[in-house]
Q: 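Take this structure, written in structure tokens, and hold onto it; I'll ask about it next.
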Amino acid sequence: VQLQASGGGLVQAGGSLRHACAASGRTFRNGAMAWFRQAPGKEREFVAAFRRTEYYADSVKGRFTITKDNAKGTVYLQMNNLKPEDTAVYFCAAGDGLILSTITWGTQYTYWGQGTLVTVSS
């Protein structure tokens, strides 16, 4: 299984960007697909996940929206009202058998896509 991510870029604060992540050979219909990010000098952190419904980190609630096309095995992350603190490399991830209490744990995801850089200027 490969996860192919696209999106990212440079945007001014208050702007929007959209990521997409397509899984080859799998739809993860019964699993979870998620986004994590890692800012310079910081640890990787959970952003959002989709497993039958959406889950968000508090820092992005109300600004980011995760959606999934089950038929295509593709997950999207719409990022609105971006802030400079959203600057990071964003990674998509996918896994099976996750329980809800661990859906924010990066260690629970088996498959990872390449990172895409998002830079938000003030």
Side-chain angles (χ1 to χ4, degrees):
V1 176
Q2 289 188 331
L3 302 181
Q4 183 65 44
S6 61
L10 173 64
V11 66
Q12 288 188 329
S16 298
L17 285 172
R18 186 177 190 237
H19 285 289
C21 177
S24 62
R26 292 281 309 276
T27 63
F28 292 97
R29 186 182 298 271
N30 297 314
M33 295 186 77
W35 292 93
F36 290 78
R37 67 186 181 187
Q38 186 166 18
K42 295 187 177 181
E43 294 185 353
R44 183 181 63 193
E45 65 175 3
F46 170 79
V47 176
F50 190 100
R51 181 179 180 270
R52 297 193 181 95
T53 189
E54 307 99 79
Y55 303 87
Y56 297 98
D58 288 343
S59 59
V60 306
K61 277 181 184 176
R63 301 187 298 121
F64 290 13
T65 302
I66 187 170
T67 55
K68 184 168 181 271
D69 185 331
N70 278 320
K72 295 181 179 179
T74 300
V75 66
Y76 304 92
L77 184 68
Q78 177 67 42
M79 305 184 294
N80 297 330
N81 191 21
L82 282 160
K83 304 176 180 180
E85 52 264 42
D86 294 318
T87 295
V89 177
Y90 284 71
F91 299 89
C92 66
D96 299 297
L98 281 78
I99 58 176
L100 293 182
S101 61
T102 65
I103 203 166
T104 64
W105 298 5
T107 54
Q108 299 300 301
Y109 292 84
T110 305
Y111 307 100
W112 290 83
Q114 82 281 13
T116 54
L117 178 62
V118 171
T119 302
V120 184
S121 62
S122 58

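As the structure is a prediction and not an experimental result, all values here were calculated from the model. Just so it is clear, the values below take in all heavy atoms, side chains as well, and ignore hydrogens, waters and symmetry mates.
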Q: I'd like to know whether T119 forms a side chain to side chain contact (heavy atoms under 4.5 Å, CB included) with V11, so could you lay out the CA-CA distance, the side-chain angles of the two residues, the decisive distance to 0.1 Å, and finally the verdict.
A: CA-CA 6 Å; T119 302; V11 66; over 6 Å; no
Q: Identify the two heavy atoms, one from I103 and one from R51, that lie closest to each other, and give their separation to 0.1 Å.
A: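 Heavy atoms of I103 and R51 come nearest at CD1-CB, 3.8 Å.
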Q: Please check if the side chain of K42 supplies one atom and the backbone of A88 the other of a donor-acceptor pair under 3.5 Å.
A: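 No: the side chain of K42 does not pair with the backbone of A88.
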Q: Could you tell me if the side chain of R18 sits less than 4.5 Å from the side chain of L77, heavy atoms only?
A: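 SC-SC contact between L77 and R18 ruled out.
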Q: Taking all atoms of both residues into account, what is the closest heavy-atom pair of S16 and N81, and its distance?
A: OG-N, 4.3 Å
Q: Report the distance from atom OG1 of T65 to atom CE of M79, rounding to the nearest 0.5 Å.
A: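 It is 11.0 Å, given to the nearest 0.5 Å.
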Q: For F64, check ring-ring contact (aromatic ring centres under 6.0 Å, His included) against everything at least two apart and list the hits.
A: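 By the ring-ring contact (aromatic ring centres under 6.0 Å, His included) rule, F64 matches no residue at all.
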Q: Hey, does the side chain of T87 reach the backbone of V120 with a donor-acceptor pair shorter than 3.5 angstrom?
A: yes
Q: Could you check if a side-chain atom of V75 sits within less than 4.5 angstrom of a side-chain atom of T67, using non-hydrogen atoms only?
A: no
Q: How many angstroms lie between CG in L10 and CG in L117, if you round to the nearest 0.5 Å?
A: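 With rounding to 0.5 Å, CG (L10) is 9.0 Å from CG (L117).
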Q: Hydrophobic clustering (ILVMFWY, side-chain heavy atoms < 4.5 Å, transitive) - are F46 and V89 grouped together?
A: yes
Q: Contact between L100 and Y55 at the side-chain level, heavy atoms closer than 4.5 Å - yes or no?
A: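 Side-chain contact under 4.5 Å: yes.
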Q: Could you state the interatomic distance from OG (S59) to CD (E45), rounded to the nearest 0.5 Å?
A: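 Result: 5.5 Å between the selected atoms.
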Q: With sequence neighbours excluded, what pairs up with R63 under the salt bridge (Lys or Arg N to Asp or Glu O under 4.0 Å) test?
A: D86
Q: Is it the case that one hydrophobic cluster holds both L98 and V47, taking links as side-chain heavy atoms less than 4.5 Å apart, direct or via other members?
A: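 No.
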Q: Evaluate the side-chain proximity of K68 to Y76: yes if any heavy-atom separation is below 4.5 Å, no if none is.
A: no
Q: Taking the side chain as C-beta and beyond, is there a heavy-atom pair between N70 and F28 under 4.5 Å?
A: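 Not touching, per the 4.5 Å side-chain cut-off.
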Q: Tell me, do M33 and C92 make a side-chain contact under 4.5 Å, heavy atoms counted?
A: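 SC-SC contact between M33 and C92 ruled out.
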Q: For the ring pair F36 and F91, is the centre-to-centre distance below 6.0 Å?
A: no
Q: Hey, are the side chains of W35 and C21 touching, using non-hydrogen atoms and a 4.5 Å cut-off?
A: yes
Q: Could you name each residue pair satisfying side-chain hydrogen bond (donor to acceptor under 3.5 Å, both in side chains) that touches residues 88-117, not counting sequence neighbours?
A: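 Those involving residues 88-117 are H19-T116, R26-D96, R37-Y90.
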